[in-house]
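Everything on this sheet refers to the single structure shown next.
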Amino acid sequence: MNTREQVIKSLEQTDSKLRQLTEGLSDALLDNHPTPEDWSIREILAHLVDDEIYVMRLRLERIVKEDQPILTPHDEKKWYANRNKTHDQLDQLLADFTLQRQASLAIVRMLREEDWQRQGTQPEYGTFTAEAQVTMWLEHDTTHLDQIERLAKQAV
């Protein structure tokens, strides 16, 4: 089990890992879909940016600011199908992720001990603490970092 400090440190490293994994990738590779239901690397990056802004940080903010908030489920496939894709060049996605992750980490670093224990409920996951939300955030990062690494290797 990761300590709170290890989780935060890992969240801090996601940005550099994304940059390492995508360095030098062609547009063709960024847009490759191994199967029709798989997301491309570019789509995963866009998803990470969107989730940073509209899901992960928002959930944490609500848990910290509201008493026992009911957190809305997020249909990521529906969201992605209708999102604004005009800023989806690799350099833009990475810059957006960097900016948004720094904003998120500023909030995480400001949490007081009592904030970490505050709770929210999300229909898919049940009731969980702010600390559990941050841990789920890292699990989400890890899932998508592994996915990007696998997709990049498949095309080589």
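Predicted model, so just to flag it, every value in this text is computed and none were measured.
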*Only one of D51, I53, L45 passes side-chain contact (heavy atoms from CB on, under 4.5 Å) with V49; say which it is.*
I53
*For D115 and R112, indicate whether the former's side chain and the latter's backbone hold a donor-acceptor pair under 3.5 Å.*
yes
_Over 12 non-hydrogen atoms of neighbours within 6.0 angstrom of CD in E37_ = yes
*Do L29 and L151 have side-chain heavy atoms sitting under 4.5 Å apart?*
no
*Close side-chain approach of T72 and Q122, heavy atoms under 4.5 Å*: no
_Contacts of type side chain to side chain donor-acceptor pair (under 3.5 Å), residue S104, not counting sequence neighbours_ = E52, R57
*E61 and I107: which non-hydrogen atoms are nearest, and at how many Å?*
OE2-CD1, 3.2 Å
*Can you name the closest pair of heavy atoms from D31 and R42 and give their distance?*
OD1-NE, 2.6 Å
*Check D38 against E43 and note the closest heavy-atom contact, atom names and distance.*
O-OE1, 4.3 Å
*Report yes or no: do M136 and V7 belong to one cluster of Ile/Leu/Val/Met/Phe/Trp/Tyr joined by side chain heavy-atom distances under 4.5 Å?*
no
*Any side-chain heavy-atom pair from V134 and W116 closer than 4.5 angstrom?*
yes
_I'd like to know if the side chain of Q102 reaches the main chain of L99, judged simply by a donor and an acceptor atom lying under 3.5 Å from each other, with no hydrogens or angles considered._
no
*Single-linkage hydrophobic cluster L71~M56, side-chain heavy atoms < 4.5 angstrom*: no
*When you look at F128 and I63, which way does the side-chain contact (heavy atoms from CB on, under 4.5 Å) test go after all the steps?*
CA-CA 9 Å; F128 51 89; I63 290 169; 3.7 Å; yes
*Does Q133 reach the side chain of Q119, with side-chain heavy atoms less than 4.5 Å apart?*
no
_Can you give me the closest heavy-atom contact between L21 and L145, atom names plus distance?_
CD1-O, 3.6 Å
_When you group the ILVMFWY residues by side-chain heavy-atom contacts below 4.5 Å and let the links chain together, are L25 and I44 in the same group?_
yes
*Spatial distance of atom CG (L93) from atom CG (L18) [nearest 0.5 Å]*: 10.0 Å
*Roughly how far, to the nearest 0.5 Å, is CG of L94 from OG1 of T22?*
4.5 Å
*Just do the side-chain contact (heavy atoms from CB on, under 4.5 Å) check on Q6 and T3 with the steps written out, would you?*
CA-CA 5 Å; Q6 289 170 322; T3 66; 3.2 Å; yes
*Quick one: salt bridge (Lys or Arg N to Asp or Glu O under 4.0 Å) pairs with a partner in residues 117-141, sequence neighbours left out?*
R4-E131, D67-R118, R101-D141
*Might you work through the salt bridge (charged side-chain N to carboxylate O under 4.0 Å, His left out) test for E23 and R19, ending with a clear yes or no?*
CA-CA 6 Å; E23 185 176 0; R19 290 176 183 280; over 6 Å; no
_Check whether Q100 reaches the backbone of F97 with its side chain - one donor and one acceptor, N or O, closer than 3.5 Å._
no
*asked:* Evaluate Q92 against D88 for side-chain contact (heavy atoms from CB on, under 4.5 Å), listing each step before the verdict.
replied: CA-CA 6 Å; Q92 293 169 321; D88 282 0; 5.8 Å; no
*Please collect all ring-ring contact (aromatic ring centres under 6.0 Å, His included) contacts where either partner lies in residues 18-51, sequence neighbours excluded, each pair once.*
W39-H47, W39-Y80, H47-H140, H47-H144
*Verify salt bridge (charged side-chain N to carboxylate O under 4.0 Å, His left out) between E12 and R109, making sure each step is shown before the conclusion.*
CA-CA 11 Å; E12 291 169 343; R109 289 184 194 113; 2.9 Å; yes
_Residues R150, D146: salt bridge by 4.0 Å N-O rule_ = no
*Give a yes or no answer on whether the side chain of S40 reaches the backbone of L30 with a donor-acceptor pair at less than 3.5 Å.*
yes
*Identify whether L138 and I8 are in the same connected component of the hydrophobic contact network (ILVMFWY, side-chain heavy atoms under 4.5 Å).*
yes
_Residue pair L111, L60: steps toward the side-chain contact (heavy atoms from CB on, under 4.5 Å) verdict_ = CA-CA 10 Å; L111 296 179; L60 181 62; 4.2 Å; yes
